[in-house]
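Every chain is numbered from 1, with letters handed out A, B, ... down the list of sequences. Note that these values count all heavy atoms, side chains included, but never hydrogens, waters or copies made by symmetry. Not measured: the values here are computed from a predicted model.
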Amino acid sequence: MPELPEVEVVRRGLDQWVTGRTVASVEVHHPRAIRRHLEGADSFVQALTGRTFVAAHRRGKYLWLPVAEPDGRSTGRALVAHLGMSGQLLVEKASSPDETHLRARFTFTDGGRELRFVDQRTFGGLAVEDLGDGDSVPPRLAHIAIDPLDEAFDVDAFSAALRRRRTEVKRALLDQTLIGGVGNIYADEALWRARLHGARPTEKLARAQVADLLEGIRDVLGEALAQGGTSFDSLYVDVNGQSGYFSRFLAVYGQQDRPCPRCGTPIRRESFMNRSSYSCPACQPRPRASSARKRPA
DNA sequence: GAAAACACCTGAGGGC
DNA sequence: TGCCCTCAGGTGTTTT
């Protein structure tokens with residue numbers, strides 16, 4: 001499942017393989033893949049055909065590729081992409097057989113490798129959107145918080161915002177308006193590193209605990225990025241179809257009943273927001289009922 | 001306004 | 001072999 005490190009790996013691949021190339025043709029194979037492009041498939045195709053991708057940017061788990069006119073003038077628009085749970089942006093030879101879940105294809109005027117959007121579960125999608133003032137972040141992505149690997153990330157503001165919340169700490173980590181790019185896998189890993197249970201109430205976290213948590217987030221994201229991201233199956237790959245290696249280093253996620261790398265206690269799995277949370281019962285004790293957040297009936 | 005719940009979606013895997 | 005159910009989970013919308 002693509003989270004920040006995986007999306008950043010894809011962004012780097014796009015920057016290497018796609019930036020500077022001019023689109024010759026666009027094919028949309030599944031309408032749901034461009035459901036966020038409200039003007040429809042014809043508009044999507046027209047907005048990109050003959051235009052040149054000039055960069056590859058990322059905020060949180062979103063990617064966007066600004067496009068320019070043939071004479072180099074900015075169109076003020078960008079191809080915005082989100083990989084969802086199973087999306088892949090692949091750079092492949094035209095002779096490569098189509099993937100089963102191929103949703104869109106871009107060919108280029110240089111006749112080189114084409115760009116394909118493949119998505120099994122169709123949670124991801126593509127759209128052409130206006131850029132913000134000064135060709136900055138597309139307005140639809142403006143609510144996504146800067147991620148903790150960004151130099152502009154404001155530690156004090158994050159700490160204050162986290163402690164202002166009235167929710168559980170894991171819910172807060174998954175809130176992309178608070179901190180960008182963290183998903184279920186890295187939230188569990190960061191909480192384990194900070195020795196915090198995900199149900200701990202945010203407003204009762206000590207300043208030092210927030211600092212430990214942020215350090216855990218930064219460390220785990222940075223290490224995952226260095227390993228090329230996490231891969232549990234074939235659903236996450238870079239633009240060349242290669243899987244990451246970070247899954248070999250996961251301490252708790254998907255490790256139910258295996259020993260905690262720190263203390264040896266079997267890792268537990270708990271249901272959380274219709275998905276799974278993994279933690280160490282010894283290193284990350286559940287908060288006492290008196291200090292846990294009261295949940296609505 | 002904030003927080004929580006829910007819908008969306010497909011394929012793998014397990015049980016029968 | 002085939003059917004049914006559960007599970008995976010990020011995001012936008014709806015509900016509380």
Under 4.0 Å, heavy atoms only, any strand: does R164(A) hit a base, just the sugar-phosphate, or nothing?
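If one applies the 4.0 Å heavy-atom cut-off, R164(A) turns out to touch nothing in the nucleic acid.
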What is the nucleic acid contact for R269(A), judged by heavy atoms within less than 4.0 Å: base, sugar-phosphate only, or nothing?
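Sugar-phosphate contact only - R269(A) comes under 4.0 Å of backbone atoms but never of a base.
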Would you please confirm or rule out a distance under 4.0 Å between OP1 or OP2 of [N] and any side-chain N or O of [X]?
X	N	answer
R140(A)	dG12(C)	yes
R165(A)	dA3(B)	yes
H143(A)	dG12(C)	yes
S276(A)	dA8(C)	yes

In Å, rounded to the nearest 0.5 Å, how long is the span from OG of S279(A) to CH2 of W192(A)?
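Answer rounded to 0.5 Å: 12.0 Å.
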What is the distance, rounded to the nearest whole Å, between atom [atom1] of [X] and atom [atom2] of [N]?
X	N	atom1	atom2	answer
Q176(A)	dT13(C)	CD	P	16 Å
Q88(A)	dT10(B)	CD	P	16 Å
R121(A)	dT11(C)	CZ	P	15 Å
L4(A)	dT11(C)	CG	P	11 Å
M85(A)	dG12(C)	CE	P	15 Å
F272(A)	dA8(C)	CZ	P	13 Å
K170(A)	dA3(B)	NZ	C1'	17 Å
L173(A)	dG10(C)	CG	C1'	15 Å

Which nucleotide sits closest to the side chain of [X]: [options]?
X	options	result
R32(A)	dG10(C), dG12(C), dC9(B)	dC9(B)
H82(A)	dA3(B), dG10(C), dT10(B)	dG10(C)
R171(A)	dG10(C), dT11(C), dA5(B)	dA5(B)
T167(A)	dT11(C), dT10(B), dA4(B)	dA4(B)
R166(A)	dG10(C), dA3(B), dT10(B)	dA3(B)
K61(A)	dG11(B), dC7(C), dG10(C)	dG10(C)
Y62(A)	dT11(C), dG10(C), dA4(B)	dT11(C)

I'd like to know if the side chain of H197(A) pairs up with that of E270(A) as donor and acceptor (distance under 3.5 Å, no hydrogens or angles considered).
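H197(A) vs E270(A): donor-acceptor pair found between side chains.
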Do the side-chain N and O atoms of R207(A) and S159(A) include a donor-acceptor pair separated by under 3.5 angstrom?
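No, S159(A) and R207(A) have no side-chain donor paired with an acceptor closer than 3.5 Å.
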Between the base of dG10(C) and the side chain of R275(A), is there any donor-acceptor pair under 3.5 Å?
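Side chain to base: pair found, below 3.5 Å.
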If you count every heavy atom of other residues, nucleotides or ligands that lies below 6.0 Å from D133(A) atom CG, does the total exceed 12?
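For D133(A), atom CG is not crowded (no more than 12 foreign heavy atoms under 6.0 Å).
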Any residue meeting side chain to side chain donor-acceptor pair (under 3.5 Å) with R51(A), in chain and number order, not counting sequence neighbours:
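Residues passing side chain to side chain donor-acceptor pair (under 3.5 Å) with R51(A): E69(A).
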List in chain and number order the residues that pass side-chain contact (heavy atoms from CB on, under 4.5 Å) with V54(A), two or more places apart in sequence or in another chain; answer none if no residue qualifies.
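Once residues adjacent in sequence are excluded, the partners of V54(A) under the side-chain contact (heavy atoms from CB on, under 4.5 Å) criterion are P66(A), A68(A).
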